Amino acid sequence: MDDASDPDFNRRDVLVGTTASFALTGGGTAAAQPIAVSAPVVSKVAFRVNGKDQVLDLDLRTTLLDALREHLNLTGTKKGCDHGQCGACTVIVDGRRINACLSLAVMHEGDEITTIEGLGTPTDLHPMQAAFVKHDGYQCGYCTPGQICSAVAVLDEIKAGIPSHVTRDLTGTVELSPAEIRERMSGNICRCGAYSNIIDAIEDVAGVA
Amino acid sequence: MKFDTPATTNPIDQLKVIGKPTDRIDGPLKTTGTAPYAYERHDAVDNPAYGYVVGAGIAKGRIAAMDLAKAKAAPGVLAIVTADTAGKLQKGNFNTANLLGGPEIEHYHQAIAVVVAETFEQARAAAALIKVRYTKTPGQYDLEAVRKDAPPAEKGKNDVKIGDFAGAFAQAAVTLDATYRTPDHAHAMMEPHASTAQWDGDKLTVWTSNQMIAWGAGDVAKTLGIPKDKVRLISPYIGGGFGGKLFVRADALLAALGSKAANRPVKVALTRPFMFNNTTHRPATIQRIRIGATKDGTITAIGHETWSGDLPEGGPETAAEQTKLLYAGANRLMATKLAVLDLPEGNAMRAPGEAPGLMALEIAMDEMAEKLGIDPIKFRVLNDTQVDPAKPERLFSQRQLIKCLETGADTFGWSKRKAPGTARDGQWLTGMGVAAAFRNNIVMKSAARVKLDAKGVVTVETDMTDIGTGTYTIIAQTAAEMMGVPLDKVVVKLGDSTFPVSAGSGGQWGANSSTAGVYAACVKLREAVATSAGIDPTKAVFANGRVRSGNKSVALGDAVGVNGLVAEDLIEFGDLGKKYQQSTFGGHFVEVGVHAATGEIRIRRMLAVCAAGRILNPKSARSQVIGAMTMGAGAALMEELAVDKRHGFFVNHDLAGYEVPVHADIPHQEVIFLDETDPMSSPMKAKGVGELGICGVGAAVANAIYNATGIRVREYPITLDKLLDRLPEVV
Ligand code: FES
Ligand code: FES
């Protein structure tokens with residue numbers, strides 16, 4: 001038997017995961033001092049979401065994603081990883097898509113935010129939403145709002161001539177090709193594997209199908 | 001309704017709604033973000049508190065001391081529950097390790113506490129203040145190291161010995177003896193495990209993300225030691241499961257315990273980095289395959305032995321199963337060994353057994369075909385069997401493997417395939433690969449309740465789940481077909497333990513079994529409606545929203561009167577599954593490009609040809625297959641939980657480290673369904689496809705890489721480092 005706070009639990013181990021460090025706070029060599037937790041610092045933030053003004057008093061630690069989901073009850077924007085690895089939380093801020101989980105809410109003072117709920121409703125679908133239904137571009141539906149917000153923004157990016165990793169000519173017009181769309185959509189993981197259908201849906205909306 | 005004789009003609013055969021490519025009826029909700037998942041029930045639960053789960057920092061041992069003082073004093077904290085304060089808990093029927101660990105720790109990131117606070121941020125911050133001191137005990141984390149001494153799983157009761165395998169293999173003119181390895185895989189569904197729990201006196205409601213509602217309600221009750229009828233599970237939308245949500249997990253238990261302690265509704269979601277070690281995974285396998293054949297390619301000996309590991313009292317990855325049924329061969333040996341490993345719990349992931357089993361077997365078939373100098377499709381055709389090789393009197397209910405392979409070959413352009421390492425497209429070496437797909441058809445009893453109201457609207461209630469499988473839609477199609485109404489006159493309610501108990505979603509049994517249950521309830525409802533309309537039920541025709549016979553025709557709403565009519569029934573299955581082997585078949589075709597200089601592997605084309613009974617909704621069934629092909633491509637090329645063999649955990653426990661396919665990895669995918677109805681499976685004559693699509697596809701990728709490069713890799717995933725030193729010289 002040995003104690004988990006022994007030196008063989010070295011610095012590398014600390015890096016493997018947040019909770020591994022719990023093992024260390026008991027007195028390991030690399031243990032960080034526990035951070036004293038005082039009352040949360042709250043700040044007022046005002047932004048527009050789907051055309052509606054919102055003023056919220058938020059804990060500074062609250063992400064834009066949690067502000068939407070937990071404070072505004074806009075749960076269409078999904079939390080798949082909470083650290084920028086899946087795209088489920090994609091929203092459009094001032095015309096550009098971002099991962100809402102990677103951004104603190106208070107950073108968005110005055111911003112114009114569009115979420116999946118702002119694109120369309122069940123009885124009045126946005127063309128991209130309708131195309132996803134038509135092409136069965138989803139299965140469980142959890143990545144879907146992020147895919148759709150991304151897809152809408154991707155078509156705008158291509159139109160605006162913003163190059164990507166696969167763009168051949170960085171100064172010319174950007175081609176609306178499957179490779180361009182796939183590359184740009186690659187931050188949106190779909191574990192159900194609806195990719196082939198999602199590309200069909202996006203091409204349909206883009207008019208290249 | 002007991003299903004014990006082959007299905008004859010029934011209203012489903014009209015195919016007015018069934019069998020038509022149909023948009024999902026839940027599509028408008030899912031695409032607008034208005035379908036509520038378990039953590040999002042603002043509509044149902046007021047003012048929930050937030051639970052944050054703390055996991056063990058060691059793989060095996062005991063908690064020596066746990067200091068909660070600072071966490072308890074942190075702002076917003078309402079309660080902290082640990083094994084010390086949870087009260088007596090029992091292990092659920094479907095869990096191998098306890099969902100709440102302590103003092104004993106069974107695996108890394110086993111939950112040891114839940115911190116409940118007013119806000120998520122407060123709960124997370126307080127959780128970081130908990131101090132734990134552990135006493136570690138040595139564990140076993142290395143499958144390779146314990147393989148030698150691993151005993152037969154379940155005392156070898158599923159092992160097969162037919163004829164004289166050793167003798168036949170020794171005498172065979174052409175032989176292959178190769179060992180293959182598949183790593184641990186994570187389900188990595190996009191919705192993390194999540195639950196919201198609320199107590200009302202001694203009654204508990206859990207909004208959760210779970211594939212099997214009745215199992216789940218039973219295990220929540222068992223774990224908490226309360227009667228099952230005090231537990232209600234609600235799970236109408238599930239953000240992916242793949243087997244990872246077959247069972248109750250820590251989120252549900254800790255939401256319930258946290259809610260009790262805080263006297264508030266509590267919601268808990270497992271964080272992404274926590275999921276990989278806290279929940280279940282597909283266990284790694286080592287598989288030894290031996291095939292002996294005559295010079296003309298007839299298999300005379302086929303052996304498949306597989307090793308995997310799990311926690312004590314866990315189960316094996318049954319990777320040799322398909323080999324019992326897929327190919328002929330007079331002398332057979334199949335054995336499954338199970339070692340004890342102290343890694344997180346191994347359990348079912350999409351096509352358990354067959355998925356990793358075919359990743360190995362179908363490379364072996366490719367290798368053997370090459371040794372024999374026979375085309376790999378021809379070699380499979382040559383060794384096809386129309387009977388269960390262990391019981392030759394037992395036929396397959398349907399078996400169109402050959403047709404799948406031959407149709408695929410035509411469609412894919414298989415005849416253009418070149419010798420290994422000889423096809424090139426610029427800097428890319430290109431190649432094609434094929435593999436057989438095989439997955440058994442399981443049937444499970446399934447119940448439903450069907451109501452018809454005065455407006456002629458049909459409402460179906462069953463605790464069946466839709467995990468992305470398209471269940472809402474095929475159930476609506478079934479009810480519409482049976483009751484003679486259009487799809488928009490059907491309402492489907494799923495995933496609530498107050499509804500009749502269904503088959504649930506797992507083992508690709510859901511579609512056929514749950515729609516058969518709805519069929520049974522509709523048969524009953526038809527009788528009641530006809531009788532109420534004064535029509536002889538045996539002569540009643542249901543069409544266009546009316547029931548008629550001769551020249552009497554009554555609108556359904558009028559037939560049932562103001563209070564409507566309700567019928568409930570279940571489908572139960574007799575022994576047709578024993579008399580006939582029911583399986584689904586397919587052929588996977590893959591073309592890859594391998595960069596001649598860098599070894600980068602790109603999938604260029606994918607085709608699956610499937611024979612899986614009646615396809616209820618070709619649109620959503622196709623999605624199931626392409627999704628499974630995508631997951632199979634991941635298994636072939638990138639997915640691997642890296643084991644830290646010193647400390648006993650999966651190192652790459654997030655979506656940056658555990659890579660799954662993204663858009664750029666997956667080309668356009670084709671799926672062909674062969675015409676098939678299987679009267680042995682159910683009145684629906686359907687079977688499952690959701691798992692068939694992942695079966696074999698990994699090997700098709702591996703075989704395509706071999707065809708492109710001439711390099712055989714027997715250890716998944718096939719990453720470029722395994723090719724680099726053997727690629728042809730770059731000039
Ligand atoms: S939740 Fe934001 S990227 Fe995954
Ligand atoms: S639809 Fe399930 S993850 Fe994309």
Side-chain angles (χ1 to χ4, degrees), chain A residues 1-5 13 16-20 22-23 25-26 34 37-40 59 61-62 66 69-70 73 75-77 80-83 85-86 88 116-117 120-122 125 129 132-134 136 138-145 148 182-183 185-186 189-197, chain B residues 23 27-37 40 42 54-55 57-58 70 74-75 109 119-122 125-126 129-137 188-191 237-240 271-273 467-468 619-620 623 626-627 630-631 647 651 653-656 660 662-664 666 668-669:
Chain A
M1 289 200 193
D2 59 355
D3 194 292
S5 58
D13 296 298
V16 298
T18 46
T19 40
F22 294 155
T25 48
V37 177
S38 50
D59 189 320
R61 298 167 294 186
T62 304
D66 283 334
R69 284 169 62 80
E70 306 302 329
N73 294 2
T75 53
T77 309
C81 69
D82 216 11
H83 52 278
Q85 297 175 346
C86 76
I116 189 72
E117 292 94 340
T121 62
L125 297 175
Q129 292 168 323
F132 269 62
V133 175
K134 176 177 156 198
D136 214 37
Y138 60 101
Q139 293 174 39
C140 77
Y142 200 78
C143 75
T144 312
I148 291 172
R182 284 197 182 99
E183 169 63 25
M185 290 298 295
S186 285
I189 295 176
C190 177
R191 186 57 163 162
C192 293
Y195 297 128
S196 185
N197 290 353
Chain B
D23 290 350
L29 294 180
K30 283 182 172 170
T31 55
T32 55
T34 47
Y37 296 78
E40 305 170 350
H42 297 291
V54 178
I58 61 165
K70 279 216 170 65
H109 272 182
T119 71
F120 172 69
E121 294 79 13
Q122 290 172 332
L129 299 174
I130 294 180
K131 287 191 199 171
V132 188
R133 205 156 49 76
Y134 300 97
T135 312
K136 286 206 279 185
T137 45
M189 68 298 274
M190 289 314 301
E191 181 205 20
Y237 297 100
I238 295 147
T271 65
R272 180 61 63 181
I467 61 173
K619 193 173 236 181
S620 54
S623 288
I626 65 167
T630 301
M631 198 176 270
H647 298 306
V651 180
H653 51 87
D654 64 21
L655 290 169
V660 300
V662 299
H663 277 279
I666 301 299
H668 180 74
Q669 295 164 318

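Predicted model only: the values in this text are computed from it and were never measured.
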Under 4.5 Å from a heavy atom of chain B, the part of [X] involved:
| X | result |
| --- | --- |
| A:D136 | both |
| A:N73 | both |
| A:I148 | side chain |

Atom group of [X] that falls short of 4.5 Å from chain A, counting heavy atoms:
| X | value |
| --- | --- |
| B:T271 | neither |
| B:A656 | both |
| B:I467 | backbone |
| B:T630 | side chain |
| B:I666 | both |

Heavy atoms only, distances under 4.5 angstrom: which of [options] has the most pairs with chain B? Name it, please.
| options | value |
| --- | --- |
| A:P122, A:P40, A:C86 | A:P122 |
| A:T144, A:I116, A:T121, A:L125 | A:I116 |
| A:G76, A:S186, A:C140 | A:C140 |
| A:R182, A:Q129, A:E183, A:M185 | A:R182 |

Would you check if [X] and [Y] make a side-chain contact, meaning some heavy-atom pair closer than 4.5 Å?
| X | Y | result |
| --- | --- | --- |
| B:F120 | A:D82 | yes |
| B:K30 | A:Q139 | no |
| A:C190 | B:M190 | no |

Worksheet item: Looking at residues at least two apart in the chain, or sitting in another chain, which of them share a ring pair (Phe, Tyr, Trp, His ring centres under 6.0 Å) with A:Y138?
Response: none
Practice prompt. Only counting residues at least two apart or in another chain, list the ones meeting ring pair (Phe, Tyr, Trp, His ring centres under 6.0 Å) with A:F132.
Written response: none
Worksheet item: Between B:E121 and A:T62, is any side-chain donor less than 3.5 angstrom from a side-chain acceptor?
Response: yes
Worksheet item: If you round to the nearest 0.5 Å, how far is CZ of B:R272 from CD of A:Q85?
Response: 9.0 Å
Worksheet item: If you measure from the Lys or Arg side-chain nitrogens to the Asp or Glu carboxylate oxygens, is any gap between B:K619 and B:D23 under 4.0 Å?
Response: yes
